[in-house]
Protein chains: 2
Amino acid sequence: MTLAAVKPIYWQVNTQVGDQVPDTREILMDTAERSIRLGGYNAVSFRELADALGIKSASVHYYFRKKEDLGVALVDRYSQRFFAVLEKRADGARTAEALLDAYCQTYRTALTSSDAICLCGMLGAETSGLPDAVSSAVRTFFRANLEWLVDAMPKGLDPAAKTARASHVLAALQGAMMLSHNMDDISVFDAAAEVVKAGL
Amino acid sequence: MTLAAVKPIYWQVNTQVGDQVPDTREILMDTAERSIRLGGYNAVSFRELADALGIKSASVHYYFRKKEDLGVALVDRYSQRFFAVLEKRADGARTAEALLDAYCQTYRTALTSSDAICLCGMLGAETSGLPDAVSSAVRTFFRANLEWLVDAMPKGLDPAAKTARASHVLAALQGAMMLSHNMDDISVFDAAAEVVKAGL
DNA sequence: CTTTGCCTATCTGGTGATAGGTAGGTCCTA
DNA sequence: TAGGACCTACCTATCACCAGATAGGCAAAG
């Protein structure tokens, strides 16, 4: 019946740290994230996802009832992981310079470790063509980025300057990922990041 | 026969200024450009394009034999227009500040006049999922941007600094378009652009 | 005895692409 | 000035897939 369909499956996000289960759901998400980060939202299909795992597309629908649900789950997981890595890297950083450096490094790692741009950078570009739930999850990620950056700004600055600089940093790094990915040249990212950091 | 297929149709790009013919091909390109800039490469289909013009999808294939051809034509036209506008706007600008301002303004207009991000920003993000011809056309556009920016840098800077700053400016503006489009807030773009300009 | 994690089978509709046709126009030659 | 050759700008019809999604089943585990 529809009762089974209504009840959300797997709705508890695995926040537990000691979690070792690389279950089907997780592998599906890994595969989907990679595809989206390389080719965009429409580059993932339930069919291909299923093929990659050796299961059937209907089984993917078991884990994510609609594609939209997959998209939102992906952004949420990405955001969680991003800030977890960022906090670890920024841990102990006391100066604004050190915090900004940690931030840039986090983005750089995201770019180099998977040879693909930021999940939210990709989805952000595609905003108008996405289900609302997905694009607003992306917006939430960006807002969190801006808040983090504002807090990381030098104490002396007035709020307006902090906000402006935060927008600039995020924009520059997102753009740098895209650029350096398209041009297949990491030095483009590094150059942009250096200028960003030099700007205090 | 295949003879007719081999002969390229409409291969002369209309570079003439006094050209008033808003022919089918041009309208097709306008429609396709808008769709791509909003939803990405996969957001345009020959079917929808045809419907928008009241013709059949097969007729779209008459103008663009493959989708890839349409993509390349779009990027070429976009690049031509972008630099035409940029040159006009930068005409008479003598200082590096004025040139950079003209550059930022050109991007801002691209964003606001169509309420969509840069065609090449979108396609650049999707690079890995595009036909090679399309992504390399995009790369050419970016390279031309960087060259223009390097030339626009203050005379005093050494070449390496010019290159780095050029990458930064392009990255920041591209990222700012994406960000401000996703967050539906033009002030994000303006803030980023201000910081870019303030950085000399 | 229910839940979990998959399966088969199927539906509806969209995709790029091709083959082949046609009405109307231009242009060259006799 | 008439005929034929060729071009333009579409058309119809069809192909071979691929998309997301759903219904219903079934074996194993709790």
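Chain A is the first sequence line, chain B the second, and so forth, proteins listed ahead of strands; every chain is numbered from 1.
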Of the listed nucleotides D:dT8, C:dT8, D:dA21, the one nearest the side chain of A:Lys56 = C:dT8
To the nearest Å, how far apart are B:Glu68 CD and C:dA17 P?
-> 9 Å
Provide the closest heavy-atom pair for B:Lys67 versus B:Tyr41 in the form atom of the first, atom of the second, distance.
-> NZ-O, 3.3 Å
In whole angstroms, how far is the P atom of D:dG20 from the CG atom of B:Asn42?
-> 11 Å
Got a donor-acceptor contact below 3.5 angstrom from the B:Arg34 side chain to the B:Ser114 backbone?
-> yes
Centroid-centroid under 6.0 Å between B:Phe83 and B:Trp148 rings = no
Whole-Å distance separating the CD1 atom of B:Ile27 from the P atom of D:dC10 = 10 Å
Side chain of A:Ser45 only, please: which of D:dG20, D:dC11, C:dA17 is the nearest?
-> D:dG20
D:dA13, D:dA21, C:dA17: which one has an atom nearest the side-chain heavy atoms of A:Lys66?
-> D:dA21
Which part of the nucleic acid, if any, lies within reach of A:Glu48 when heavy atoms closer than 4.0 Å are counted: base, sugar-phosphate only, or nothing?
-> sugar-phosphate
Could you state the CG-C1' distance from B:Leu70 to C:dA17, rounded to the nearest angstrom?
-> 14 Å
Consider the side chain of B:Ile55, meaning its heavy atoms from C-beta on, and name the nucleotide among D:dC10, D:dG20, C:dA19 that approaches it most closely.
-> D:dC10
How long is the line joining CZ of B:Phe64 and P of D:dA9, in whole Å?
-> 12 Å
Just checking B:Val44: base, sugar-phosphate only, or nothing, at a heavy-atom cut-off of under 4.0 Å?
-> sugar-phosphate
By nearest nucleotide on DNA chain D, pick out whichever of A:Lys67 and B:Gly54 is the more 5' one.
-> B:Gly54
Out of C:dT18, D:dT22, D:dC10, whichever nucleotide has its closest atom nearest the side chain of B:Tyr63 | D:dC10
I would like to know whether A:Leu179 and B:Gln174 meet side chain to side chain contact (heavy atoms under 4.5 Å, CB included); could you show each step before the answer?
-> CA-CA 9 Å; A:Leu179 247 195; B:Gln174 286 289 342; 5.5 Å; no
Please give, in whole Å, the distance from C:dA19 P to B:Tyr62 OH?
-> 17 Å
Tell me which nucleotide among C:dA19, C:dA17, D:dC10 gets nearest to the side chain of B:Ser57.
-> C:dA17
Starting at the 5' end of DNA chain C, which residue's closest nucleotide do you reach first, A:Arg47 or A:Ser59?
-> A:Ser59
Report the distance from atom CG of B:Leu49 to atom P of D:dC10, rounded to the nearest whole Å.
-> 13 Å
Atom CZ of B:Phe46 and atom P of D:dA13: how far apart are they, to the nearest Å?
-> 21 Å
Among D:dC11, D:dC10, C:dA9, the one nearest A:Ala58 by side-chain distance | C:dA9
For A:Val75, does its backbone N or O pair with a side-chain atom of A:Ser79 as donor and acceptor, under 3.5 Å?
-> no
